[in-house]
Structures are given as C-alpha cells and as structure tokens.
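No hydrogens, no waters, no symmetry mates; every other heavy atom, side chains included, goes into these values.
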Amino acid sequence: HSAAFGLLAYQSAWLRVHHGAAFLCGLLTEQPMGFYPPDALVHEAARRKIRVAGVDANRSQVLCHVESPFRRGEPMGTPGGLVVRIGLGYVKGVREEEMKALVAERDRNGPYRSIAELASRSGVGLPSLEKLAWAGALDEVPLGAEEERRRALWRVGITGNGRKSGRSATQLSLPIEPAEPPRLERLGEWGEVIADYRSTGMVLGRHPMALMRPLLGPRLSSSADLERAEDGATVEVAGMVVARQRPETAKGIVFMLIEDEVGVANLIVPSRVYDRRRAVVRAAPLIRARGRLERREGTINVLVAEIAEWE
C-alpha cells in the first residue's frame with residue numbers, strides 16, 4: 001500500500017511540475033474528488049502562472065480542455081501558451097445533452113455570430129441559455145465581442161427557445177437579432193464574483209480576499225506575511241476555508257486550511273476552541289483567526305486561540 005501510494009504521489013507531482021496545465025485540466029474534469037475544491041485548484045494554478053480561461057460558448061467543449069493559443073512571436077512549445085479552458089458542463093443547472101448539441105453544431109458550421117443565432121442553431125432551451133449568460137459564457141458571442149452579462153442575459157430573454165406561447169405550443173427561436181439592449185448597470189467586480197460562484201463555483205478574476213483586503217485592517221497578516229513572522233509570534237489571519245479535517249486520532253483537534261489572495265495558511269484548532277466555536281469551525285466559509293505562529297520542520301502553522309466568522 002505504501003509503495004503504491006508513493007508511486008502515485010510521485011507521478012502526480014511530476015505531472016504538476018512538467019505538465020501543469022494538463023494536470024489541472026484532469027483534476028477539474030474529475031470533480032468532485034480529493035481534498036481541494038475547483039476554486040482552490042484554479043487559484044493555486046494562477047499563482048504558478050498557469051492560465052485558466054472562463055466558459056465560452058464559442059471556445060469551450062463540454063468538459064474542460066487545454067488550448068494552445070500561441071501568440072505572435074511566441075515560440076512553439078512555450079509553456080505559457082497553454083490555457084485551461086473551463087467546460088460548458090461546469091455551469092450549474094445546464095442540460096448535458098444541450099451542451100453537447102451546442103458544441104456539435106459549432107463544430108459543423110462554425111462559431112456563433114450572435115446570441116440569436118446560437119439559440120436558433122443549437123436548439124438550447126431558455127433555462128440553459130440564461131445560465132450560460134449568467135456564467136459569462138456569452139460575453140464573447142460573436143467572437144471578439146465584449147458583451148456584459150446583463151446585456152447578454154437581456155438578449156437571451158428576447159431570443160431564447162422554450163417560452164410558452166399558448167396552452168401547449170412552445171415558441172422556437174429565430175436567428176433575428178433583437179434591438180440594442182437598454183442601458184444597464186454593469187455587475188461590477190463583486191457582482192461578477194457572486195455570479196461566478198453561483199454559476200460555476202469558481203472565480204477566475206480577482207480573488208475575493210483581494211477585494212476585501214482594504215477592509216481588513218493593517219494588523220491582519222496575509223499568508224505571505226506568515227513566512228516572515230517569527231516563531232511564537234501572535235498573528236491574526238483571515239481567509240476562505242478550503243478544507244477542514246478532524247481525524248479520530250487527533251484528540252478533538254481540527255486542522256483547517258484557509259486561502260487568501262497570495263496563498264494558503266494552516267490552522268490548528270485545539271479542542272477547547274472547537275468546543276467553544278463549533279459552528280464557526282464546522283461551517284463558516286470565511287473566517288478570521290488569532291493565534292501563535294509555529295514553525296516545525298519547514299511547515300508553518302497557526303495554533304488558534306480565537307476564531308470567528310468574518311462577515
């Protein structure tokens with residue numbers, strides 16, 4: 001068992017170092033699995049300079065895949081030229097058969113030149129089209145466009161298939177481009193973060209902690225600051241909870257991994273703190289903790305004395 005696990009760990013580490021984009025693509029495709037959620041995987045990949053691109057009705061396959069969009073002057077084989085493209089199937093609530101039909105029609109007859117044309121040619125129903133628009137998958141339809149999600153959602157509502165037009169009849173979409181949408185307020189960074197988490201469960205733009213950092217105060221340490229802190233120092237950290245573990249052999253101790261915009265931090269929550277703040281430790285998505293920094297054999301941990309949900 002030990003040899004088999006060691007071999008798997010070595011092979012995974014080799015792929016992560018030498019074929020990082022393909023390794024990430026495989027992990028995303030096989031979700032749900034493992035210790036880390038997709039959001040944490042793409043953030044870790046971004047810190048290693050691996051490019052990840054969002055869902056796009058004119059570029060995405062049903063599953064995630066690796067693209068090679070070499071730019072002018074970029075030599076063939078340049079690792080930075082690889083991009084992991086998130087698949088259409090990652091959008092929550094879409095129908096798989098409709099996404100397969102969308103891709104098949106695009107492969108047969110070329111990219112979609114408008115949202116109305118996409119609705120007519122692919123046969124995708126209104127519910128799935130609305131979810132694609134909310135996920136940003138229609139922002140670049142046609143190719144090269146820079147549509148905004150609310151404008152794309154407005155176009156879908158006008159042109160989409162599946163609206164009832166009588167007791168039993170269903171309205172079909174015609175490839176007729178509607179009038180220009182009214183002036184709509186843009187979602188903004190926080191609006192896009194919320195839309196991303198609700199639609200795909202991951203954020204590819206600015207990390208939420210980067211948006212919150214100005215509100216956290218100067219005393220709060222980032223995960224990078226912990227690298228420079230002295231052993232035994234009292235530190236205060238905040239972040240999104242990536243994982244929680246409470247092994248039966250750990251005598252009530254909970255191990256937490258939190259993430260901010262620059263990295264991750266390990267928290268050790270003693271049983272007395274867990275008993276006092278059980279609901280926060282078990283369920284809070286965003287926490288703030290204070291404790292003593294410990295350095296042990298190259299690993300940095302924060303032994304938590306106080307922990308609270310950060311709102």
Colleague: Would you say that Val237 contacts Leu220 through its side chain, given a criterion of any heavy-atom pair below 4.5 Å between the two side chains?
Modeller: no
Colleague: Using side-chain heavy atoms (C-beta onward) and a distance below 4.5 Å, is Ile268 in contact with Phe255?
Modeller: yes
Colleague: When rounded to the nearest 0.5 angstrom, what is the spacing between CZ in Arg85 and NE2 in His65?
Modeller: 6.5 Å
Colleague: Are Met99 and Ser128 packed together at the side-chain level, in the sense that at least one heavy-atom pair is separated by less than 4.5 angstrom?
Modeller: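 A side-chain contact under 4.5 Å exists here.
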Colleague: I need the minimum non-hydrogen distance between Ala137 and Val141, along with the two atoms involved.
Modeller: O-CG2, 4.2 Å
Colleague: What about Val55 and Val103, same hydrophobic cluster or not, with Ile/Leu/Val/Met/Phe/Trp/Tyr joined at side-chain heavy-atom distances under 4.5 Å?
Modeller: yes
Colleague: Any non-hydrogen side-chain atom of Lys92 less than 4.5 Å from a side-chain atom of Arg198?
Modeller: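 They are not in side-chain contact.
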Colleague: Would you call Arg47 and Glu259 a salt bridge, using N to O less than 4.0 angstrom?
Modeller: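 Salt bridge flag = yes for Glu259 with Arg47.
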Colleague: Regarding Glu261 and His43, do their side chains bring together a donor and an acceptor under 3.5 Å, going by distance alone?
Modeller: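 No.
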Colleague: Atom CZ of Arg108 and atom CZ of Arg121: how far apart are they, to the nearest 0.5 Å?
Modeller: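 Answer rounded to 0.5 Å: 9.0 Å.
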Colleague: Are any non-hydrogen side-chain atoms of Ile115 and Val156 less than 4.5 angstrom apart?
Modeller: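 Yes, their side chains come closer than 4.5 Å.
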Colleague: How far apart are the closest heavy atoms of Thr200 and Ala135, and which atoms are they?
Modeller: CG2-CB, 4.3 Å
Colleague: Please determine whether a side-chain nitrogen of the Lys or Arg among Glu140 and Arg59 lies less than 4.0 Å from a carboxylate oxygen of the Asp or Glu.
Modeller: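 Salt bridge flag = yes for Arg59 with Glu140.
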Colleague: Count the heavy atoms of every other residue, nucleotide or ligand shown that sit under 6.0 Å from OH of Tyr197, and state whether that count exceeds 12.
Modeller: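 Yes, because the 6.0 Å sphere around OH of Tyr197 holds more than 12 heavy atoms from other groups.
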Colleague: Listed by chain and number, what are the side chain to side chain donor-acceptor pair (under 3.5 Å) partners of Asn301, not counting sequence neighbours?
Modeller: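 By the side chain to side chain donor-acceptor pair (under 3.5 Å) rule, Asn301 matches no residue at all.
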Colleague: Mind checking side-chain contact (heavy atoms from CB on, under 4.5 Å) for Asp275 and listing every partner two or more places apart, or none if nothing turns up?
Modeller: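 So Asp275 forms a side-chain contact (heavy atoms from CB on, under 4.5 Å) with Arg278.
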Colleague: Can you tell me if Arg48 has over 12 outside heavy atoms packed within less than 6.0 Å of its CZ?
Modeller: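 Yes, because the 6.0 Å sphere around CZ of Arg48 holds more than 12 heavy atoms from other groups.
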Colleague: When you group the ILVMFWY residues by side-chain heavy-atom contacts below 4.5 Å and let the links chain together, are Leu293 and Ile307 in the same group?
Modeller: yes
Colleague: For a 4.5 angstrom cut-off between non-hydrogen side-chain atoms, does Leu7 reach Phe5?
Modeller: no
Colleague: Tell me, yes or no, whether the heavy-atom count around Glu96 atom CD, taken from other residues, nucleotides or ligands under 6.0 Å, exceeds 12.
Modeller: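 Open: at most 12 neighbouring heavy atoms sit under 6.0 Å from CD of Glu96.
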Colleague: If you round to the nearest 0.5 Å, how far is CG of Asp56 from CD of Gln61?
Modeller: 11.0 Å
Colleague: Side chain of Arg295, backbone of Gly232: donor and acceptor closer than 3.5 Å?
Modeller: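 No, the answer is negative, given that no donor and acceptor are paired below the 3.5 Å cut-off.
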Colleague: Side chains of Leu129 and Leu153: does their closest heavy-atom pair fall under 4.5 Å?
Modeller: no
Colleague: Testing the basics here: between Ala195 and Leu187, what is the closest heavy-atom pair and its distance to 0.1 Å?
Modeller: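 In terms of heavy atoms, the two residues are closest at CB-CD1, 4.5 Å.
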Colleague: Taking the basic N atoms (NZ, or NE/NH1/NH2) and the acidic carboxylate oxygens, is any pair closer than 4.0 Å for Glu192 and Arg206?
Modeller: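 A salt bridge is absent here (no side-chain N lies under 4.0 Å from a carboxylate O).
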Colleague: What do the steps show when you test Val269 against Ile253 for side-chain contact (heavy atoms from CB on, under 4.5 Å), and what is the final call?
Modeller: CA-CA 6 Å; Val269 183; Ile253 294 174; 5.9 Å; no
Colleague: Does a side chain donor of either Ser222 or Asp260 reach within less than 3.5 Å of an acceptor in the other side chain?
Modeller: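 Looking only at side-chain atoms, Asp260 and Ser222 do not form any donor-acceptor pair under 3.5 Å.
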Colleague: Going by an N to O cut-off under 4.0 Å, is there a salt bridge joining Arg292 and Glu294?
Modeller: yes
Colleague: Could you state whether Trp134 and Leu138 fall into the same hydrophobic cluster, counting links through intermediate Ile, Leu, Val, Met, Phe, Trp or Tyr residues with side-chain heavy atoms under 4.5 angstrom apart?
Modeller: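 No, separate clusters.
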Colleague: For the residue pair Tyr112 and Ala101, what are the closest heavy atoms and their distance?
Modeller: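 Closest approach of Tyr112 to Ala101: OH-O, 4.5 Å.
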Colleague: Could you verify whether a donor N or O on one side chain and an acceptor N or O on the other, from Glu105 and Ser122, lie under 3.5 Å apart?
Modeller: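 No, because no side-chain N or O of Glu105 sits under 3.5 Å from a partner of the opposite role on Ser122.
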Colleague: Drop me the distance from Leu63's CG to Lys100's NZ, to the nearest 0.5 angstrom.
Modeller: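 Answer for the CG-NZ pair, Leu63 versus Lys100, is 8.5 Å.
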Colleague: Which distance, rounded to the nearest 0.5 Å, do you find between the CD of Glu98 and the CG of Leu132?
Modeller: 9.0 Å
Colleague: Do the side chains of Leu15 and Tyr36 join up, straight or via other hydrophobic residues, at under 4.5 Å, putting them in one cluster?
Modeller: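 Yes.
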Colleague: Return the minimal non-hydrogen interatomic distance between Arg106 and Ala57, and the atom names on each side.
Modeller: NH1-O, 2.8 Å
Colleague: Without swapping roles, check the side chain of Ser271 against the backbone of Gly252 for a donor-acceptor pair under 3.5 Å.
Modeller: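 Not at all, since once roles are kept as given, no pair shorter than 3.5 Å links the two residues.
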Colleague: Where is the tightest heavy-atom contact between Ser221 and Leu226, given as atom of each residue plus distance?
Modeller: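 Minimum heavy-atom separation between Ser221 and Leu226: CB-CD2, 4.2 Å.
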Colleague: So, using ring-ring contact (aromatic ring centres under 6.0 Å, His included) as the criterion, who are the partners of Trp14 when residues are at least two apart?
Modeller: His18, His19
Colleague: Between Asp196 and Arg149, is there a side-chain N and carboxylate O pair less than 4.0 Å apart?
Modeller: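 Yes, Asp196 and Arg149 are salt-bridged.
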Colleague: Counting neighbours of CD on Glu230 that are heavy atoms of other residues, nucleotides or ligands and sit closer than 6.0 Å, is the number greater than 12?
Modeller: no
Colleague: Has Arg246 got its NZ or CZ under 6.0 Å from the middle of the six-membered ring of Tyr274, at an angle within 45 degrees of the ring axis?
Modeller: yes
Colleague: Would Val235 and Met209 show up in the same hydrophobic cluster when neighbours are defined by side-chain heavy atoms closer than 4.5 Å?
Modeller: no
Colleague: Test Val42 against Leu28 for side-chain contact (heavy atoms from CB on, under 4.5 Å), laying out the working first.
Modeller: CA-CA 9 Å; Val42 297; Leu28 293 175; 4.2 Å; yes
Colleague: So do the side chains of Leu286 and Ile258 get within less than 4.5 Å of each other, counting heavy atoms only?
Modeller: no
Colleague: Does the side-chain contact (heavy atoms from CB on, under 4.5 Å) test come out yes or no for Asn266 and Ile300, once each step is laid out?
Modeller: CA-CA 7 Å; Asn266 299 308; Ile300 298 176; 5.9 Å; no
Colleague: Using side-chain contact (heavy atoms from CB on, under 4.5 Å), reason through Ser68 and Leu82 one step at a time and then give a plain yes or no.
Modeller: CA-CA 5 Å; Ser68 300; Leu82 299 178; 3.3 Å; yes
Colleague: Between OG of Ser12 and CZ of Phe23, what distance do you get to the nearest 0.5 Å?
Modeller: 4.5 Å
Colleague: For the pair Ser60 (side chain) and Ile86 (backbone), establish whether a donor and an acceptor sit closer than 3.5 Å, ignoring hydrogens and angles.
Modeller: yes
